[in-house]
Amino acid sequence: MTLSEELIWRGFLNQMTFATGEELDREKRTFYMGFDASADSQAVGNLAAMMFILTFIRHGYDPVLLTGGSTSLIGDPKDTAERQLQTEETIAHNTECARKQIEKIFAGRKFKMVNNLDWTREVKILDFLRDVGKNFSMTNLVQRDFIAQRMGEGGSGISFAEFSYTLLQGYDYQYLYDTYGVTLQLGGSDQWGNCLSGVDLIRKTRGAEVHAVTLNLVINKSTGRKFGKSEEGTIWLNETKTSPFKFYQFWINSDDEDVEDYLKIYTELEKDVIDKITAGHCESPSSRSAQKALAHEVTTLVHGPARTKAVERATDALFGGLGYAQLTADDFKELATELPVIEAANNAEIADILVTAGLASSKTEARRFLTDSAVYINGSQFSSEKTTLDAADTLHGYIVLRRGKNVTALVKLA
RNA sequence: GCAGAGGUAGUGAAGCGGUCAAACACAACAGACUGUAAAUCUGUCGGCAUUCGCCUUCGAAGGUUCGAAUCCUUCCCUCUGCACCA
């Protein structure tokens, strides 16, 4: 498969400045893509962008990966409202986090990492206005969707800082063109306008033709919403923000109709492999083989093979056919690394334990769960007369306490 | 700065002196059903005590009243006009 064929097959392509996809196949370019540093971890949404980049790398393109140390100080305008400015320290910290994560995902590949703060910090305001600002038409800027929305009736207004964000990004492209010969910028579909800022700027100031390709936003087909959030919120790549276990669960829980799309986007598996997986999945959707393959691949990419294996074992223990009574002490040790473990006194009230374990937010709620029979001890429901936990409930020193379908904790009696 | 409108539980939105822990919708949570799915049905959805009940909430602080989310005062914030600026 050529690059353009693969991009289309995987469903990445959104918009591009190339007239035809074949132009992408003709010349191996040096390209860049920016990563936002407004949060201290990249999320599943950014992971799609990384997979997009990996596709280009596999086809011989050279990547320059940029962290937005300067642009995140300003913030890309949203459609709704002005962003809260973050401190320089926070952004510096986030930029560093982004760098580490990117280096982890791209380990073993050839790539350059840059931080746009390095060349933006010293720029003089007058130089910037003359060299960059002069090349942007106010009329065009004002017509941009988000800016028009923010400035129009019912809009929340927009500061000059956010208004001029796109010039900064355009300037980045120009700098990278000058310094590394970058002639292609990749971005999310929401970045199309900002990518074009650079394309136009370079045409005007350097007389050169450079390009931009954007990637489709990943959509959860069944909800129609942007992909990458669970009920508990964003799925992060950082394991302290989203544990590998939760991360793995997130993928396992993918909807049937989305699984094939996700396999194409979030794994590097080739077409015949993916075809085989989806065929198997269609035969018996209940085995969830496609979800398992997806979860395995993505978790391995983000958290490494060892963690993935551990998480898979823990998952088997929690959701597989095995009863808890059949688990070994070692299995429990594994579970203990993935689930919250809390200590409780012998004969402690179950309602209190639910609260301390975070399975209920208050004692009143805990009581509700109990009367709703939403609580399970070692996988089974129990009579309402039982209100405390004691040594008779332990298995290898632990009690598995679950609320609802997916929220589980281990209890250790003191 | 001036004038108008408004700030109610996760969101939207009723309520405009007592029967308001606050209608309704959505979201969320749980149970049944399931494939750790979707849909559907049922229940829950401030806290403590699960007996009556008690406590904390309706932007904030005061006040009026037997009694306030509801009335008054001050303050904070948001929106819409106008003005300023161009």
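In this text the structure is predicted, and so the values were computed from the model without any measurement.
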Next item on the list: Would you indicate, yes or no, if B:A30 has its OP1 or OP2 atom less than 4.0 angstrom from a side-chain nitrogen or oxygen of A:Y376?
Entry: no

Give me the distances for all protein-to-nucleotides 39-46 of chain B N/O pairs that come in under 3.5 Å?
residue, atom, partner, partner atom, Å
B:U44, O2', A:R368, NE, 3.0

Enumerate donor-acceptor pairs with a distance under 3.5 Å from any side-chain N or O in residues 345-354 of chain A to protein atoms, sequence neighbours excluded.
residue, atom, partner, partner atom, Å
A:N346, OD1, A:A391, N, 3.4
A:D352, OD1, A:K363, NZ, 3.3

Check: Does a side-chain N-to-carboxylate-O contact under 4.0 Å join A:E209 and A:R203?
Finding: no

Next item on the list: Scan every strand shown for a Watson-Crick or G-U wobble partner of B:G4, both distances under 3.5 Å, and answer none if you come up empty.
Entry: B:C79

Notebook entry, point to check: Taking the side chain of A:R403 as its heavy atoms from C-beta onward, which of B:A30, B:G47, B:G35 lies nearest to it?
Noted result: B:A30

Margin query: Please verify the inter-ring angle class for A:F18 with A:H211; under 30° counts as parallel, over 60° as perpendicular, anything in between as tilted.
Written below: parallel

Check: With a 4.5 Å limit on heavy-atom distance, are the side chains of A:L129 and A:K134 in contact?
Finding: no

Notebook entry, point to check: Is B:A14 paired to anything, Watson-Crick or G-U wobble with both distances less than 3.5 Å, and if yes, which nucleotide?
Noted result: none

Item checked: 5′-ward residue of the pair A:Q249/A:L370 relative to RNA chain B -> A:Q249

Note to self: Using OP1 and OP2 only, check whether a side-chain N or O of A:K363 sits under 4.0 Å from B:A49.
What the structure shows: yes

Item checked: G-U wobble or Watson-Crick pairing nucleotide for B:A9 (cut-off 3.5 Å, both distances) -> none

Next item on the list: Answer with base, sugar-phosphate or nothing: what part of the nucleic acid does A:S254 contact at a heavy-atom distance below 4.0 Å?
Entry: nothing

Check: Do A:L318 and A:R402 have side chains that get closer than 4.5 Å, going by heavy atoms?
Finding: no

Item checked: Partner nucleotide of B:C84 by Watson-Crick or wobble geometry (both distances under 3.5 Å) -> none

Next item on the list: Write down the partner of B:C33 under the Watson-Crick or G-U wobble criteria, each distance required to be under 3.5 Å.
Entry: none

Check: So what's B:C48 paired with, Watson-Crick or G-U wobble, going by both distances under 3.5 Å?
Finding: B:G53

Checklist line | For B:C71, the Watson-Crick or wobble partner whose two distances fall under 3.5 Å | finding: B:G63

Margin query: Using atom P in both nucleotides, what's the gap between B:G7 and B:C72 to the nearest angstrom?
Written below: 14 Å

Margin query: For the aromatic rings, using the six-membered ring if either is Trp, is the centroid distance between A:W236 and A:F247 under 6.0 Å?
Written below: no

Would you tabulate the side-chain donor-acceptor contacts of residues 292-299 of chain A under 3.5 Å, counting partners in other chains and residues two or more places apart, or write 'none'?
residue, atom, partner, partner atom, Å
A:H296, ND1, A:E312, OE2, 2.7
A:T299, OG1, A:A295, O, 2.5

Next item on the list: Examine B:A37: is either OP1 or OP2 under 4.0 Å from a nitrogen or oxygen in the side chain of A:K405? Give yes or no.
Entry: yes

Item checked: For the student: nearest non-hydrogen atoms of A:Q42 and A:F35, plus distance -> OE1-CD2, 3.4 Å

Check: Side chain of A:Q291: nearest nucleotide among B:G35, B:A49, B:G31?
Finding: B:G35

Note to self: With a 4.0 Å limit, can you tell me whether A:R367 has a side-chain N or O closer than that to the phosphate oxygens OP1/OP2 of B:A49?
What the structure shows: yes

Next item on the list: Whole angstrom is fine here: how far is it from CD in A:E365 over to C1' in B:G47?
Entry: 11 Å

Margin query: Under 4.0 Å, heavy atoms only, any strand: does A:T364 hit a base, just the sugar-phosphate, or nothing?
Written below: base

